[in-house]
Amino acid sequence: MKKFFALGLVRGLSWEIIGTALGIGFVTLVRLLIGLPAWKAEPAVVFGALLGALFFLVGVGAVDDWFKWAVGRETGEHFDDSHPGWRRYFGASLDHKVIGIQYLVLSLILMSVGGLFALIFRTELAEVQMQFLTLNQYNTLMSLHGMVMIVSILLGIAAYMNYLVPLLIGARDMAFPRLNAFSFWIAVPAGLILLSSLFLGGFDTGWTGYPPLSARAPLGMQMFFLGVSLAGFSSIFGGLNILATVIRLRAPGMTPFKMPIFVWAALATSLISLTATQLIGLSFQMVMLQRLFGMGFFDPAKGGNPVLFQHLFWFYSHPAVYVFVLPGLGLISELLPVFVRKPLFGYRWVAMSSLGIALVGFLVWGHHMFTSGMAEYLRVPFMYSTLLVAVPTGVKFFSWVGTVWRGKITFETPMLFLLASIVVFLLGGLTGPPNATVSTDLHLHDTYYIVGHFHDTMFGGYIFPFFAALYFWFPKMTGKRLNERLGQLQFWLITPSFVVLSLWMMRVGLLGMRRRIADYDAALGFEASHLVMTVAGFLIGLSLIVFFINVWYSLKKGPPAIGNLWNSRSPEWQVASPMPVHNYDQPFEVVGEPYDYGLPGSQYIRFKGEK
Amino acid sequence: MKHLITVAILVVLGTLGVHAGLGTLGLLPEQASLQAIAVDKLLDVHLWLISFLFSLIVMTLAYSLAVFRRRKGETGEGAHMEGNTTLEIFWTMIPLLAVVFLAFIGAASLGEIRRIDPSALQVNVLAGQWYWQYQYPEYGIVSTELYLPVDRQVNLQMTSNDVIHSFWVPEFRVKQDLVPGQTTELRVTPNMVGEFRVLCAELCGTSHAYMESAVFVVTEEDFAAWVESQQSTAEVDPLLLGQQLVQRYGCTACHSIDGSQRTGPTWAGVFESVIPLADGTTIIADREYLIQSIINPNLHIVEGYNPNVMPSFASVLDQTQVEAIASYLETLK
């Protein structure tokens, strides 16, 4: 029992409950003292949730060292390492590899929850009319599916950036280990607050939370806004940390164009998350203030403007989709050469294309608003800027094709997922331009076509690379190899079903199926299509169960990972698995190009004391 | 070189195949407006581009996987190619030119669907949770069904009573949001007689899925006849009118007429009953109370219910309509 309460997570959760109760009590007391009716749910619960999150961070120990520094006490380089084995994953740790795996597990948990929501409402859609959900339950699940998945993706990319960037550049840890721990742990109460909206009346706005609808939605709306705002800090601090790490902590000899390509992707991603995330926090907090204090930012009756919200929201939320996909595209470029046994084609162009996408991505948000009622003359410049994204994205595709051309290709599970990433992301990319040209978008906007299009970009740019990387680095993380047969089974379950799902989505969308509707007219004749999509959705769910069985089985019975499994040139594969606590016992120096596969006698790195 | 020629042939065949395949699928609803013609034309350019680029990447990739795979017992690495600057510049410039061209024809297409006909028929559209209402200022008609004469541009001047909605008729292709506190415009020229549905395309709360209304595109004679019939229906039995309005605006989604519990208070036996209010007082539900509750719902909040749930109908219904609904409510026991 004592051991149980020694776990940081358990302490954090206990503190969060106490903090929430205190916050609710405090607001009620203040209202009583100034003569208002004592109980009002909204301000009390919002303040309670906020205080609970802060208490969680104190309870879990993520801010201990800062408190100690504030009173002038010395602290060690690492937190107390007395929790060996699996227990260290349940408390605050400063090791970037532990934090990376913590992010990974939390991301998988949220992915499962968000996927479950999708399966529930997908089942409801299989037949016309409402069967087992009410309209409001449908709206809540559909809205939460979107945001839970987005948070899961943000945590997933943070997982890989945290785990990999220091290893790839030869650093002992991140530049700011304490900030790193803080960034992870704030995502835990943020996720809990977000999910609590399910039990506080839900909300019916979709993940975009447009006012005036979100200004009238039930209390769950506030939990959504608060949860996302807190998760935003995780993104901002995480981005800052990666930038500082990449700029300051590279191994000797690692000039910018000798960095592994994933590091370039992480750099471009972090530039966006450091500078754009504030805008979604701002727009959400403005609606929170409108609801709590009657500030009419978006209320036309008080001189506010609902369209302003959309500008603020999409100024982050469009660049955010590049935050979701750039690391995945980086992973494709990083791993493809290993399985093709050839250098990455046009390394510098691929590196620059990541930055290009990140920068152009800031100029295109208006394409989400072609029908919104924003000034009409803005439509054409946003059309040009949006189409421009195709250029750097095209460079990536051509470079992948150039890399594969005349290689010596093998088809292990990571490679299968890489190939699926390329094809699925291509489907997502090619279905984009019809949304960019205004007149066609006026038909496609707010239909299932959009739903299919962005699920293609998310699966091609995130989900498939995520699994490719997991099959590739799982041995490095755990010292055990994942089972190859179960991996192939997972691949062959998820890939065809997902392609069918997304193509069918786009088809019914073109024919007139609106997005975010709980029910549809039988006269449209979409019932068979929805049944197909629902079955495909369940096969994707099944593939994830296969994956979890594989993880469980391989951790118990998998063969140990010995040596350079994939015959990679990357530094982390030149040392033992799992990775030693402080990474490389001997620092290394970069002496060549990262991807010179097929060049006899070439070397990328040289460990100190080695010839 | 042999490889490149084979791939080039595969790409051409793939492009033709994918485009033909997409064509036979039947991807779009009926084409019922001039704007739809312009939109579909541009969409076909996109489909050609999609077919070509998809085939280019996928065929090259598939060919590589088949031909350059590591065969049994084979060792060694792939060819050492680091890149090719000429090629990179080529495949940066060509897409750049392509997107500039696409944006140019995209802008031309936008110009075409936004072409303004000064003799357009004006219809003011008002949307709210969850209804559509159409006002014809020229004829003094208010209707919940949209009647349009064929081959004449209609100028929809739209606003919302509460949250954001979006006007979409898939057969017309074009779509425009309705924003509270602001008027937005959509112009459509229906060119086909028929019955279609207006769908709300922007998530607007609980009953968003059901926020539809009928559009009838009719001949000019039929339109004139409809206008006349609408103008002469002023003398209707108020009870019947009240009952129709209640159904038309979906009031009974929240207010039951049989005493069952829904989002709002039931109407069964409401007239002249004593209503307990949220502030602890009571009020007698006379005719005045019923009318107030329709045009200013937040004035009296019934105990156990929340304010700001029901929208005001002050700008939706006129005096006669409110009176008619009140008369209808008085009859509910």
Side-chain angles (χ1 to χ4, degrees), chain A residues 135-136 139 204-206 210 212-213 216 300 306-307 340-343 345-347 349 371-373 379-380 383-384 387-388 390-391 394-395 397-398 401 404-410 422-423 426 430 433-434 437-440 442-443 445-446 507 510-512 514 516-519 597-599, chain B residues 25 27-29 38-39 42-43 46 49-50 53-54 57-58 60-61 64-65 68-70 74 76-83 88 91-92 95-96 99 102-103 106-107 109-110 113 162-164 166 170 173-177 179-182 184 199 201-209 308:
Chain A
L135 293 170
N136 278 328
N139 288 341
D204 54 5
T205 62
Y210 280 6
L213 187 59
R216 321 160 144 232
V307 179
V340 173
R341 315 304 304 166
K342 256 188 78 207
F345 195 91
Y347 167 96
W349 291 81
T371 71
S372 70
R379 288 166 161 186
V380 171
M383 170 168 65
Y384 272 89
L387 284 166
L388 213 54
V391 177
V395 168
F397 278 107
F398 293 129
V401 170
V404 174
W405 188 256
R406 293 183 56 201
K408 282 265 183 286
I409 305 159
T410 55
I422 296 176
V423 174
L426 179 68
L430 291 178
T437 52
V438 182
S439 59
T440 42
L442 296 187
H443 180 59
H445 185 77
D446 273 332
R507 175 152 194 264
L510 278 163
L511 285 170
R514 298 169 283 158
R516 294 172 176 151
I517 51 175
D519 192 9
Y597 293 100
L599 184 67
Chain B
L25 269 180
L27 287 178
L28 288 164
V39 169
L42 183 60
L43 199 62
H46 280 292
L49 262 172
I50 290 172
L53 290 169
F54 182 77
I57 302 288
V58 169
T60 321
L61 201 59
S64 305
L65 299 185
F68 305 126
R69 71 179 191 281
R70 184 181 294 268
E74 208 175 5
E77 309 280 70
H80 184 78
M81 293 191 292
E82 287 189 343
E88 295 280 358
W91 65 43
T92 307
L96 186 62
V99 300
L102 202 56
S109 173
L110 177 62
I113 64 167
D162 39 46
V163 302
I164 301 174
S166 189
R173 301 294 186 273
V174 286
K175 187 180 285 131
Q176 175 62 53
D177 288 3
V179 186
Q182 135 180 14
T184 51
L199 312 172
E202 181 68 51
L203 179 58
C204 58
T206 311
S207 299
H208 166 59
N308 298 319

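Because the structure is predicted, anything quoted here is derived from the model rather than measured.
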Inset, instruction - Please round to the nearest 0.5 Å and tell me the distance separating atom OG1 of A:Thr371 and atom CD1 of B:Ile164. - result: 9.5 Å
Legend entry - Toward chain B, the part of A:Pro300 with a non-hydrogen atom under 4.5 Å: side chain
Legend entry - Residue A:Leu511 versus chain B: region with a heavy atom under 4.5 Å: both
Inset, instruction - Drop me the distance from B:Leu53's CG to A:Leu426's CG, to the nearest 0.5 angstrom. - result: 7.5 Å
Legend entry - Residue among B:Ser64, B:Gly181, B:Pro170, B:Ala107 with most heavy-atom pairs under 4.5 Å to chain A: B:Ser64
Legend entry - Proximal component of B:Val179, with respect to chain A [non-hydrogen, under 4.5 Å]: side chain
Inset, instruction - Indicate the atoms forming the closest heavy-atom contact of A:Val404 with B:Phe68, along with that distance. - result: O-CD1, 4.3 Å
Inset, instruction - Could you check B:Asp177 against A:Ser372 for side chain to side chain donor-acceptor pair (under 3.5 Å), going step by step and ending with a plain yes or no? - result: CA-CA 5 Å; B:Asp177 288 3; A:Ser372 70; 5.5 Å; no
Legend entry - Pairwise distance CG(A:Leu430) to CD1(B:Ile57) - rounded to 0.5 angstrom: 8.0 Å
Inset, instruction - Would you mind reporting whether A:Thr437 and B:Leu102 have side-chain heavy atoms less than 4.5 Å apart? - result: yes
Inset, instruction - Name the region of B:Gln182, side chain, backbone, both or neither, that has any atom closer than 4.5 Å to a heavy atom of chain A. - result: side chain
Inset, instruction - Just give me the residue among A:Asp446, A:Val401, A:Val380 that pairs up with chain B most often, heavy atom to heavy atom, under 4.5 Å. - result: A:Asp446
Legend entry - Atom group of B:Thr184 that falls short of 4.5 Å from chain A, counting heavy atoms: side chain
Inset, instruction - Supply the atom-to-atom distance B:Ser207 OG to A:Asn136 CG, rounded to the nearest 0.5 angstrom. - result: 8.0 Å
Inset, instruction - Counting only heavy atoms closer than 4.5 Å, note whether A:Asp519 contacts chain B via side chain, backbone, both or neither. - result: both
Inset, instruction - Tell me, out of B:Gly106, B:Cys204, B:Gly78, who's got the most heavy-atom pairs with chain A below 4.5 Å. - result: B:Gly78
Legend entry - Within 6.0 angstrom of A:Arg406 CZ, more than 12 heavy atoms from elsewhere: no
Inset, instruction - Taking all heavy atoms of B:Pro180 and all of A:Pro306, pick out the closest pair and write down the distance. - result: O-CG, 4.1 Å
Inset, instruction - Check whether any side-chain heavy atom of B:Asp162 lies under 4.5 Å from a side-chain heavy atom of A:Leu213, and answer yes or no. - result: no
Inset, instruction - Select one option (side chain, backbone, both, neither) describing which atoms of A:Arg216 are under 4.5 Å from chain B's heavy atoms. - result: side chain
Inset, instruction - Check whether any side-chain N or O of B:Lys175 sits under 3.5 Å from a backbone N or O of A:His443 as a donor-acceptor pair, and report yes or no. - result: yes
Legend entry - Heavy-atom pair count under 4.5 Å with chain B, highest-scoring of A:Thr440, A:Ile517, A:Asn139: A:Thr440
Inset, instruction - Determine the option with the most heavy-atom pairs under 4.5 angstrom with chain B, choosing from A:Gly346, A:Pro434, A:Gly512. - result: A:Pro434
Legend entry - Minimum side-chain heavy-atom gap A:Pro433-B:Leu49 below 4.5 Å: no
Legend entry - For chain B, the option from A:Tyr384, A:Tyr347, A:Phe398 that forms the most heavy-atom pairs under 4.5 Å: A:Phe398
Inset, instruction - Considering only heavy atoms and a distance below 4.5 Å, find which of B:Val174, B:Leu199, B:Leu43 pairs most often with chain A. - result: B:Leu199
Legend entry - Straight-line distance of A:His445 NE2 to B:Ser166 OG, nearest 0.5 Å: 6.5 Å
Inset, instruction - Look up atom OG1 in B:Thr60 and atom CZ in A:Phe397, then write down how far apart they are to the nearest 0.5 Å. - result: 12.5 Å
Inset, instruction - Select one option (side chain, backbone, both, neither) describing which atoms of A:Tyr210 are under 4.5 Å from chain B's heavy atoms. - result: side chain
Legend entry - Choice from B:Ala79, B:Pro95, B:Ala38 maximising heavy atom contacts with chain A below 4.5 Å: B:Ala79
Inset, instruction - Could you tell me which non-hydrogen atom of A:Ser439 sits nearest to which non-hydrogen atom of B:Val39, and how far apart they are? - result: O-CG2, 3.5 Å
Legend entry - chain A interface, residue from B:Arg69, B:His208, B:Arg70 that has the most non-hydrogen pairs under 4.5 Å: B:Arg70
Legend entry - Among B:Glu82, B:Gln176, B:Glu88, B:Glu202, residue most engaged with chain A (heavy-atom pairs, under 4.5 Å): B:Glu88
Inset, instruction - Looking only at non-hydrogen atoms, find the nearest pair between B:Gly205 and A:Asp204 and report the distance. - result: CA-OD2, 3.5 Å
Legend entry - Exam field: side chain A:Arg341 to backbone B:Gly76, donor-acceptor pair closer than 3.5 Å: no
Inset, instruction - Identify which part of B:Ile113 has an atom lying under 4.5 Å from any heavy atom of chain A, answering side chain, backbone, both or neither. - result: side chain
Inset, instruction - Mark yes or no for whether B:His80, through its side chain, and A:Lys342, through its backbone, hold a donor-acceptor pair below 3.5 Å. - result: no
